[in-house]
Amino acid sequence: APTLHARDGYNSTCRKTTVAILGGGVAGVTAAHALHNQSVTDFLIVEYNSGIGGRMRNTKFGSDPNGNPYLVELGANWVSGTGTPDGPENPVWSFAKQANLTAPFSDTRSIATYNETGAVNYTYLIDEFEDAWAKFEQNAGTILTENLQDMSAKAGFFEAGWKAKQNAMRKAVEWWMWDWDAAQTPEESSLVFGITAYNLTYYQFAEENYFSVDQRGFNTWLKTQASSFLEANDTRLMFNTVVTDINYSETGVTVTNEDGSCIEADYAICTFSLGVLQNDVVTFTPELPSWKQTSLATFSMGTYTKIFLQFNETFWPTDSQFFLYAHPTTRGYYPVWQSLSIDGFLPGSNILFVTVVDEQSYRIEAQDDETTKAEVMAVLRQMLPDTDVPDPIDFMYPRWTLNPWTFGSYSNWPVGTTLEMHQNLRANVDRLYFAGEATSAEYFGFLHGAWFEGQEAGKRIAGMVTKDCENQDGGCGEYVNYEVLHGTTEREEYNATNGMGADPMFYADSGEEEA
Ligand SMILES: Cc1cc2nc3c(=O)[nH]c(=O)nc-3n(C[C@H](O)[C@H](O)[C@H](O)COP(=O)(O)OP(=O)(O)OC[C@H]3O[C@@H](n4cnc5c(N)ncnc54)[C@H](O)[C@@H]3O)c2cc1C
């Protein structure tokens, strides 16, 4: 191919391909699937780890009565938003059903509340928060449709009549209703885009969550999807390969890996997390343009940490899925506990886990397991003052922020962001394309966000390669980008070109899809 020789950095020993897909998470696999569907089969998937799945990551933990370990999910765990018989369905849910995934209904109403004195019922505060939520959504809708300035979710709560008022229990409820999803505080989060992601996930699909306890791993659904077009030992899968350099131009992309190997591609799709892109793991040549660098710096990467404990008995209540703890002074200090030792989940496993996010995640990532274990156990003993709480027989948590292939858990939109600004995160630079949960305007932070964005990038490139544009919604070829940003994004710009093909406020207004 003579065009290859014209490229910068062309090296005759590089492996050649039409599309280099960088990363084998949801977006990477789905991009490959979209290419395959348009008969573009000459692609490579380059992946740091030894298998596909990315942030759907599991590990062995504890042991069952036969001495075999359980499998628990360190990363994504829920199918968030499912679908209705007549409405659109979350693709993650479609594949989860195909894979016969064991994923019981996750009932957020099944919650018991605690503070430092033990069980104290403040579920009425959850009701109060939920009452304010409708007003909160309406205000977000007004800002979006009237092209007004965005505000923080915190300010939005105030406006809707909810305040935490320096009250530990109100703070715990606020954490449960916001931080537990966003992995960042309401002060850090955009009101408008927090609401759009929520609406499109829960009102467009369905307002329910299923929690995978499948002992094959949650990522079985993605493996099911992958097996429809990839062989088990497909030579297009390059595992245990760490990308260090990406050299892009208007004619192609050269990818260099840590082991010295390289790939010459006509196009590349980079699906690395926002955290990876923010932490200079990969060197881009030429340097990324300033509109791209600014967008990478603008959006934030949250951290969500599940801390697992196994005991030799289940000494906590078995009639609730969730336990909410209000620490007297520190908001977000070991607030949400979940029991796996209940019917439908992993009965008899004696496993509990507690979740922290953001600053508390960074804090515990920086300290040793024993220190964290002591803190966690002190809280648990406060919650259950009348129970003789034993020490755990197993204890473990991941450190997502320090992880070189993620640098955090999932993205969040800070206050004052616009759709145009986000489009710059999505947009390609020459032949280098981007996809992943963070590039999704509609569903950032979610698996299905990564799914749709991988598909979009795959379809756009397939359209260029085959000269046959089958992507009716988004189109084919390059994404738009904005070298000069407007203060706000006009209502008419909320369209597929800017990554928002579905109307977030349409779903919010009706609460469900209209015929
Ligand atoms: C703790 C946690 C909880 C979550 N909970 C949920 C949930 O319940 N529901 C939900 O819908 N979503 C959840 N998510 C979000 C969900 O996991 C992500 O949105 C989704 O998995 C992202 O897919 P992706 O393809 O965009 O990125 P990734 O899965 O990160 O895929 C990118 C791939 O690139 C690889 N890579 C990175 N750097 C390099 C390199 N230098 N060289 C080669 N390969 C590299 C990585 O190994 C990875 O496999 C959670 C995430 C975390 C971390």
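Ligands are counted one by one from 1 in listed order, and the atoms in each one are counted from 1 as well. All values derive from a computational prediction rather than experimental measurement.
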Protein contact to atom 9 (N) of ligand 1 [nearest heavy atom, distance to 0.1 Å]: Trp78 O, 3.0 Å
Is Gly23 in polar range of ligand 1, meaning some N or O pair under 3.5 Å apart? no
Identity and separation of the nearest protein heavy atom to atom 39 (C) of ligand 1: Phe272 CE2, 3.4 Å
Closest by any non-hydrogen atom to atom 26 (O) of ligand 1: pick that one out of His448, Arg57, Glu73, Glu437. Glu437
Geometry only, no angles: is Arg55 polar-contacting ligand 1 at N/O separations under 3.5 Å? yes
Within less than 4.0 angstrom of ligand 1, does Val29 place any heavy atom? no
For a side chain to side chain contact (heavy atoms under 4.5 Å, CB included) check, start with the C-alpha distance between Ser273 and Arg55, then their side-chain angles and the critical distance, and finish with the verdict. CA-CA 9 Å; Ser273 76; Arg55 282 174 262 171; 3.4 Å; yes
Are the side chains of Asp107 and Phe322 in touch, meaning some heavy atoms are under 4.5 Å apart? no
Return yes when atom CG of Asp259 has more than 12 non-hydrogen atoms of other residues, nucleotides or ligands closer than 6.0 Å, and no otherwise. yes
Short N/O distance, under 3.5 Å, between Asn49 and ligand 1? yes
closest protein heavy atom to atom 4 (C) of ligand 1 is Ala76 CA, 3.3 Å
Examine ligand 1 and decide if any of its atoms is less than 4.0 Å from a heavy atom belonging to Thr406. no
In sequence, state the C-alpha distance, the side-chain angles, and the governing distance for Asn209 and Tyr202, and then conclude on side chain to side chain contact (heavy atoms under 4.5 Å, CB included). CA-CA 9 Å; Asn209 295 297; Tyr202 292 113; 3.1 Å; yes
Taking N or O atoms only and a 3.5 Å limit, does Trp400 qualify as a polar contact for ligand 1? no
Is Gly449 near ligand 1, meaning one of its heavy atoms is under 4.0 Å from it? no
Counting the benzene-type ring for Trp, do Tyr334 and His327 have ring centres under 6.0 Å apart? no
Backbone or side-chain N or O of Leu22 under 3.5 Å from ligand 1 N or O: no
Ligand 1 N/O within reach of Lys306 N/O, cut-off under 3.5 Å: no
Side chain, backbone, both or neither: the part of Ala27 lying under 4.0 Å from ligand 1 by heavy atom: both
heavy-atom search around atom 51 (C) of ligand 1 in the protein gives Tyr410 CD2, 3.5 Å
Which of these, Thr30, Thr241, Leu447, Val357, has its nearest heavy atom closest to atom 10 (C) of ligand 1? Leu447
Against ligand 1, does Asn257 come closer than 4.0 Å with any heavy atom? no
